[in-house]
There are 2 protein chains.
Amino acid sequence: MPRGPKKIAAREDSEETRHTILRTAEQLFMEYGYRAVSTRQIADACGLTQPALYHYFADKQMLYVEVIKENTTKTQTALERIVRRNEGVAERLSLVVRYLHSTTQHDIGLMLHDIQHELSPQMQELLNDLFNTCLIAPIASVFEDGIRQGLLRHPQQGGLDAINSAYLLMTMLPKFIDRPQSQEGSALHSNRYGATIEQAEMVVQVLLYGLVREQTREQQIITLSADKKTIPDRNG
Amino acid sequence: MPRGPKKIAAREDSEETRHTILRTAEQLFMEYGYRAVSTRQIADACGLTQPALYHYFADKQMLYVEVIKENTTKTQTALERIVRRNEGVAERLSLVVRYLHSTTQHDIGLMLHDIQHELSPQMQELLNDLFNTCLIAPIASVFEDGIRQGLLRHPQQGGLDAINSAYLLMTMLPKFIDRPQSQEGSALHSNRYGATIEQAEMVVQVLLYGLVREQTREQQIITLSADKKTIPDRNG
DNA sequence: CCTACCGATCGGTAGG
DNA sequence: CCTACCGATCGGTAGG
């Protein structure tokens with residue numbers, strides 16, 4: 001019959017194992033996707049047998065849900081700290097992008113695809129709400145500031161609303177960094193760490209200021225407006 | 001022993017069936033991903049048994065490769081027609097975005113993920129090259145025009161090079177349209193067709209001009225430059 | 001283009 | 001936390 005100390009030791013061991021499973025599952029799910037990662041892969045990577053996972057999580061889906069829950073909650077904390085800073089919109093967006101890029105938050109599109117296609121409707125709704133509350137809302141609040149300050153175009157004057165801006169930022173994030181490369185040897189992750197901050201900065205630059213040179217900007221807007229019939233009042 | 005007419009009829013039937021399989025597989029692969037679509041699903045949707053597929057394609061991977069080959073080649077034709085038009089950079093990019101949005105080219109990220117993670121190295125290289133040649137290159141040539149004309153910022157002066165710009169355009173494309181919605185009834189695909197062109201236009205607007213209001217743009221660039229130490233010479 | 005069937009692997013359970 | 005095992009499904013083959 002196990003008593004006090006043994007019980008405590010077992011409990012500590014269990015929580016540590018649970019945490020190991022969560023971290024391992026996060027890495028695998030985020031890289032390969034829900035369906036492509038088997039419960040046996042996760043267990044092997046943790047040094048466990050596959051049935052052992054079911055002591056800690058009800059099933060594969062709930063393990064995935066817990067992974068996303070932990071991830072988004074942790075990210076929310078970091079984002080809200082950045083958002084509350086006493087700095088400009090551009091500076092805070094830069095910090096947001098750098099933070100998101102530094103985490104294993106790699107392919108947001110893969111995560112959203114899994115949520116929409118591989119989970120039960122109840123879990124879909126739960127994780128969608130979590131995604132919107134923990135990730136989109138904090139980022140959108142920065143864009144909201146920008147719109148309120150008159151820095152960003154107002155949605156009713158040809159601008160993009162804060163929530164769509166936040167989505168756009170997240171989708172722009174990892175993609176043109178992780179894009180396929182014509183293989184030139186075995187150095188797959190070669191220039192990934194040097195240019196990282198520069199590329200993160202570029203995302204914010206493009207999102208805020210676009211690709212157009214400053215001098216030609218006004219004339220371009222007029223040109224496109226003739227085709228589009230929007231943004232007519234620049235001094236309204 | 002079957003003779004002339006019968007043989008011809010069988011051949012026509014075969015090509016039609018092959019085409020049906022390709023179209024069906026494309027829809028399923030592009031929506032759910034390579035791994036999530038079984039060969040039996042594809043066969044069922046075509047009104048065939050699963051082993052019948054293997055008369056037309058060597059295996060599942062080759063079917064996927066043929067789907068991508070057909071898709072990218074068709075898209076290349078359309079893109080190159082747009083690119084050759086006698087119109088401005090912004091107008092041609094608008095046409096590109098509208099075309100890509102109109103096709104089932106939905107989740108480019110899913111496609112790239114499947115190519116990188118689910119196929120053999122040989123097929124990876126083949127499809128990566130195809131992707132770059134058929135999709136990225138034509139779009140990049142428009143950005144190249146913009147840079148050459150002095151319309152877009154030069155890569156060495158804080159701008160983004162043409163190829164990265166093309167990637168960025170493709171990643172911005174479908175995402176903030178297909179984003180998860182808080183379910184409000186069963187009308188899932190509700191406002192998708194009315195606002196389509198407007199949203200496509202918005203992608204080009206943001207990509208070229210960013211989110212910042214015109215009046216405040218110059219001062220913002222100066223603000224960020226102080227933090228970043230780039231784009232110092234606006235009249236260079 | 002079908003029926004019948006294969007080995008491998010999947011998520012999950014029984015029982016200790 | 002393990003061994004042993006389950007039914008279901010996967011991609012693919014044999015043979016006609």
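We use all heavy atoms of the structure for the numbers below, so side chains are in, but hydrogens, waters and symmetry mates are not.
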Q: Near DNA chain C, counting only heavy atoms under 4.0 Å, which residues of residues 58-70 of chain B show up?
A: none
Q: In terms of the angle between their ring planes, are B:Phe131 and B:Tyr167 parallel, tilted or perpendicular, with boundaries placed at 30° and 60°?
A: tilted
Q: Round to the nearest Å and state the distance from B:His55 atom NE2 to D:dG15 atom C1'.
A: 15 Å
Q: I'd like to know if the side chain of A:Gln124 reaches the main chain of A:Leu119, judged simply by a donor and an acceptor atom lying under 3.5 Å from each other, with no hydrogens or angles considered.
A: yes
Q: Atom CG in B:Asp114, atom CD in B:Gln61: separation rounded to 0.5 Å?
A: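 Answer rounded to 0.5 Å: 11.5 Å.
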Q: Any chance you could measure B:Ile21, atom CD1, to B:Ile42, atom CD1, to the nearest 0.5 Å?
A: 9.0 Å
Q: Can you tell me the distance, in whole Å, between the CD atom of A:Gln41 and the P atom of C:dC10?
A: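 Spelled out: CD on A:Gln41 to P on C:dC10 is 7 Å.
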Q: In whole angstrom, give the distance that lies between atom CG of A:Leu53 and atom P of C:dG11.
A: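 Answer to the nearest Å: 10 Å.
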Q: Under 3.5 Å, which protein N or O atoms sit close to an N or O of nucleotides 5-8 of chain C? Give each pair with its distance.
A:
none

Q: Name the nucleic acid region contacted by A:Ser38, choosing base, sugar-phosphate or nothing; use a 4.0 angstrom heavy-atom cut-off, strictly under.
A: sugar-phosphate
Q: If every non-hydrogen atom of B:Val37 is compared with every non-hydrogen atom of B:Lys60, which pair is closest and at what distance?
A: O-NZ, 2.9 Å
Q: Would the number of heavy atoms belonging to other residues, nucleotides or ligands and lying under 6.0 Å from OH of B:Tyr32 be above 12?
A: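 Atom OH in B:Tyr32 is not crowded, with 12 or fewer foreign heavy atoms closer than 6.0 Å.
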Q: Could you state the atom-to-atom distance from CZ of B:Phe57 to P of C:dC1 in whole Å?
A: 12 Å
Q: Is the side chain of B:Gln50 donor-acceptor paired with the backbone N or O of B:Ala43 at a distance under 3.5 Å, no angle test?
A: no
Q: Does a side-chain N or O of B:Tyr56 approach OP1 or OP2 of C:dC1 to a distance below 4.0 Å, or not?
A: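 Checking B:Tyr56 against C:dC1: at least one side-chain N or O falls below 4.0 Å of OP1 or OP2.
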Q: Is there a donor-acceptor pair closer than 3.5 Å between any side-chain N or O of B:His117 and the backbone N or O of B:His113?
A: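 Between the backbone of B:His113 and the side chain of B:His117 there is a qualifying donor-acceptor contact (under 3.5 Å).
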Q: D:dC1 P sits how many Å from A:Glu15 CD, rounded?
A: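 Going from A:Glu15 (CD) to D:dC1 (P), I get 12 Å.
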Q: Output the single nucleotide from D:dG11, C:dT13, C:dC1 whose closest atom is nearest the side chain of A:Tyr54.
A: C:dT13
Q: Using the criterion of both pairing distances under 3.5 Å for Watson-Crick and G-U wobble pairs, give all stems of 3 or more consecutive pairs involving DNA chain C.
A: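 Counting only runs of 3 or more consecutive pairs, the stems involving DNA chain C are C:1-16 with D:1-16.
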Q: Look at A:Thr17 and D:dC1 and indicate whether a side-chain polar atom (N or O) is within less than 4.0 Å of OP1 or OP2.
A: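 Looking at the OP1 and OP2 atoms of D:dC1, one of them is under 4.0 Å from a side-chain N or O of A:Thr17.
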Q: Rounded to the nearest 0.5 Å, what separates atom CZ in A:Arg81 from atom OH in A:Tyr99?
A: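 Reported to 0.5 Å precision, the distance equals 7.5 Å.
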Q: Backbone N or O of B:Leu100 within a donor-acceptor pair of the B:Thr103 side chain at under 3.5 Å?
A: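 The answer is yes, because a donor-acceptor pair under 3.5 Å joins these two groups.
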Q: Any ion pair linking A:Glu66 and A:Lys69 (charged N to carboxylate O, less than 4.0 Å)?
A: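 Looking at A:Glu66 together with A:Lys69, the answer is yes, because their closest N to O distance falls below 4.0 Å.
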Q: Figure out the CG/P separation between B:Asp44 and C:dC1, and round it to whole Å.
A: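 From B:Asp44 CG to C:dC1 P: 15 Å.
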Q: Take A:Ile21 and B:Arg35, find for each the nucleotide of DNA chain D with the closest heavy atom, and name the residue whose nucleotide sits nearer the 5' end.
A: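 So the residue in question is A:Ile21.
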